[in-house]
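Working notes, beginning with the structure itself.
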Amino acid sequence: MRILICAGGTGGGIYPALAAATELQALGVAEDDLLWIGAKGEMEETLVRRAGLRLETIPGGPIVGVPLPTRARNALKLARGAVAAGGHLRRFQPDVMFMTGGYVAAPVALAARRQGVPIVIYLPDVEPGSTIRLVVPLARRIAATTDGSQAYVPAEKLVVTGYPVRPDVRAARTLTKAEALATFDLTPARPTLFVFGGSRGARNINRALMAALPALLTQAQIIHVSGELTWPEVEAHAATLPAELRAFYRPYAYLHEEMGAAFRAADLALARAGASMLGECPAFGLPSILVPLTFAWRYQKVNADYLTERGAAVQLVDETLGQTLLPTVQELLFDRERLARMAAAAAALDKPDAAADLARLILAEGNPDPGHPDPGSPDHRAHPSIAREETLC
Ligand SMILES: CC(=O)N[C@H]1[C@@H](OP(=O)(O)OP(=O)(O)OC[C@H]2O[C@@H](n3ccc(=O)[nH]c3=O)[C@H](O)[C@@H]2O)O[C@H](CO)[C@@H](O)[C@@H]1O
C-alpha cells in the first residue's frame, strides 16, 4: 500500500505524523511506499529527512495570521503548490493520504480529492486549526487526541486514538529517573524543572525564566530548551550566572531524541500548551504549568483547559508571567504531595497505543479490498480501543 503523508510548518504537526510513519513501517509498509509532501524552507525539511523518509516539497506559505500583501503572495504560492502536488500524486499513485495540518496540507488534500484518494486526518489539538477545518469535509476519517474534539468535527468521521507520541521519546519511559538525570549530568538530590516553549521556543517564557533563575537555582535544577530563535540570548545569559548556580542549569537550543530523557528526568514541566502536551506529559505522568499562547491561537487555551480541568496541569497567563512564574514554580516544585496527585492525573490520560491505532486506521482507509486486508489492517471489532471510542462518539 502506498501512503502519502502531508504535515508541515511546526513540530506540532510533523512529530505525530512521524510517529504514525514509524508505526506504519512496523506494520509492514515499505519505506519506498511512503512519500511525505511538505513546504519548501519549513521545519519538515530537517525533521523528515533526519528520520530517513522520502520528502518532496511544494511552494506555499501561511494565509492566516499574516498581513494582507503576504496573504496574497502566499495564496499564489499555494495555487502553484496545488499544481505541483497534483503531479506528485499522479506519479506516486497513493492509496491513501494522511495529514495532520499545516498550510501545506490544503493544496495536497485538494489534489488528493480530485484524484479520488481517500483522506485521513489526525487532529492534534482539541480544537482543529484553520487548515484542518477546511479539509474536514473532504476527509473520510478523522483521528483525534481527545473526545473533546467531538464538538468540532462530524461524529461519524471521528475516532479518538489519543496523541501518537513518537516511539523514540516514549522509549525513555524505561529509564530510571537517575539514568535520565545522568543524561543531562544532573543529580537526583534536587527537584528538576523542564522548561520549553513548543517546537519553536517561546521568547516570553525564556525571558521570565531567565529573571527567575537566580532564585530557582539555589534549590532546584533546570533543563531549559529555548528554541533556536532566542538561543543566542539564553546562551549569553547563562554565561553570566555565577558558577555555583550555573552548575544546576542545562540550557539547549533544541533537543531531538533526548526529549524523552528530559520528560523522564523532570518533576515538573513549564511550557506552552501545544497539542503535544496532551500526549507527551501524560506518557511520562508529568505535571505541568502551562502558559497558553493566546494571541491569534486560541487552540492552546482549549488544550490547556483540557489538562487543567483534569487536574494534570495549572495555568498561567502569558501577560503576567514575569510576576507569576517564580512563586508558582516555588510553590509547586517543592510540594511533593500535590505533584504526586497531578502526576497521577496526567498518567491517567496516557494512551500508549495511540500511534499504532492511528497507523491501523490509515491502513484500513487505504485498503481497497476489505476481503484481503493489508498487514496490520485493523478489524475494528477486534480492536478494543478503536471500537470503544467510536461507540463513545
Ligand atoms: C505557535 C504555534 O503555531 N503553535 C502550534 C504548534 O506548536 P508546536 O509546533 O510547538 O507543537 P507542539 O507543542 O504540539 O509540539 C512540539 C513538539 O516538538 C517537540 N520538541 C520541542 C522542542 C525541542 O527542542 N525538541 C522537540 O522534539 C516536542 O517533543 C513536541 O513533540 O502546533 C501545535 C499542534 O498543532 C499547536 O497546538 C500550537 O498551537
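Whatever order the structure lists ligands and atoms in, that order sets their numbers, starting from 1. Here the structure is a predicted model, which means the values were calculated and not measured.
- Of all the atoms in ligand 1, the ones that sit under 4.0 Å from a non-hydrogen atom of Q300 are 4 (N), 38 (C), 39 (O).
- Near S276, meaning under 4.0 Å from any of its heavy atoms, are these atoms of ligand 1: 12 (P), 13 (O), 14 (O), 15 (O), 16 (C), 30 (C), 31 (O).
- Distances from atom 26 (C) of ligand 1 to the heavy atoms of V302, T131, L255 put L255 nearest.
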Please list every donor-acceptor pair under 3.5 Å in which a side-chain atom of residues 239-250 meets a protein atom from a residue at least two apart or in another chain.
residue	atom	partner	partner atom	Å
T240	OG1	H237	O	2.6
R246	NH1	Y249	O	2.7
Y249	OH	H224	ND1	2.8
R250	NE	F184	O	2.7
R250	NH1	A247	O	3.1
R250	NH2	D185	O	2.8
R250	NH2	A247	O	3.2

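- For the pair E23 and R166, the salt-bridge criterion is not met [side-chain N within less than 4.0 Å of a carboxylate O].
- Taking a cutoff of 4.0 Å between a charged side-chain nitrogen and a carboxylate oxygen, D357 and K351 do not qualify as a salt bridge.
- Here is the list of ligand 1 atoms found below 4.0 Å of a heavy atom in V225: 24 (O).
- Annotation: F196 places no N or O atom under 3.5 Å from an N or O atom of ligand 1; distance criterion only.
- Between Y15 and ligand 1, an N or O atom pair is found at a separation short of 3.5 Å.
- Ring pair F284/F263 is parallel by interplanar angle, where below 30° counts as parallel and above 60° as perpendicular.
- A salt bridge links D318 with R272: the distance from a Lys NZ or Arg NE/NH1/NH2 to an Asp or Glu carboxylate oxygen falls below 4.0 Å.
- The contact set between ligand 1 and G12, taken as ligand atoms under 4.0 Å from a residue heavy atom, comprises 8 (P), 9 (O), 11 (O), 12 (P), 14 (O), 15 (O), 32 (O), 33 (C), 34 (C).
- Residues satisfying the ring-ring contact (aromatic ring centres under 6.0 Å, His included) criterion with Y103, sequence neighbours excluded, are absent altogether.
- Close contacts between ligand 1 and N303 involve ligand atoms 37 (O) [criterion: under 4.0 Å to a heavy atom].
- Interatomic distance, M277 CE to F196 CZ, rounded to the nearest 0.5 Å: 4.0 Å.
- At distances below 3.5 Å, not a single donor-acceptor pair connects side-chain atoms of E235 with backbone N or O atoms of P232.
- Only the side chain of E280 comes within contact range of ligand 1, with a heavy atom under 4.0 Å; no backbone atom does.
- Comparing E228, M277, H256, R166 against atom 27 (O) of ligand 1, the shortest heavy-atom distance belongs to R166.
- Residue Y254 places a heavy atom under 4.0 Å from ligand 1.
- Interface of L293 with ligand 1, defined as ligand atoms under 4.0 Å from a residue heavy atom, comprises 1 (C).
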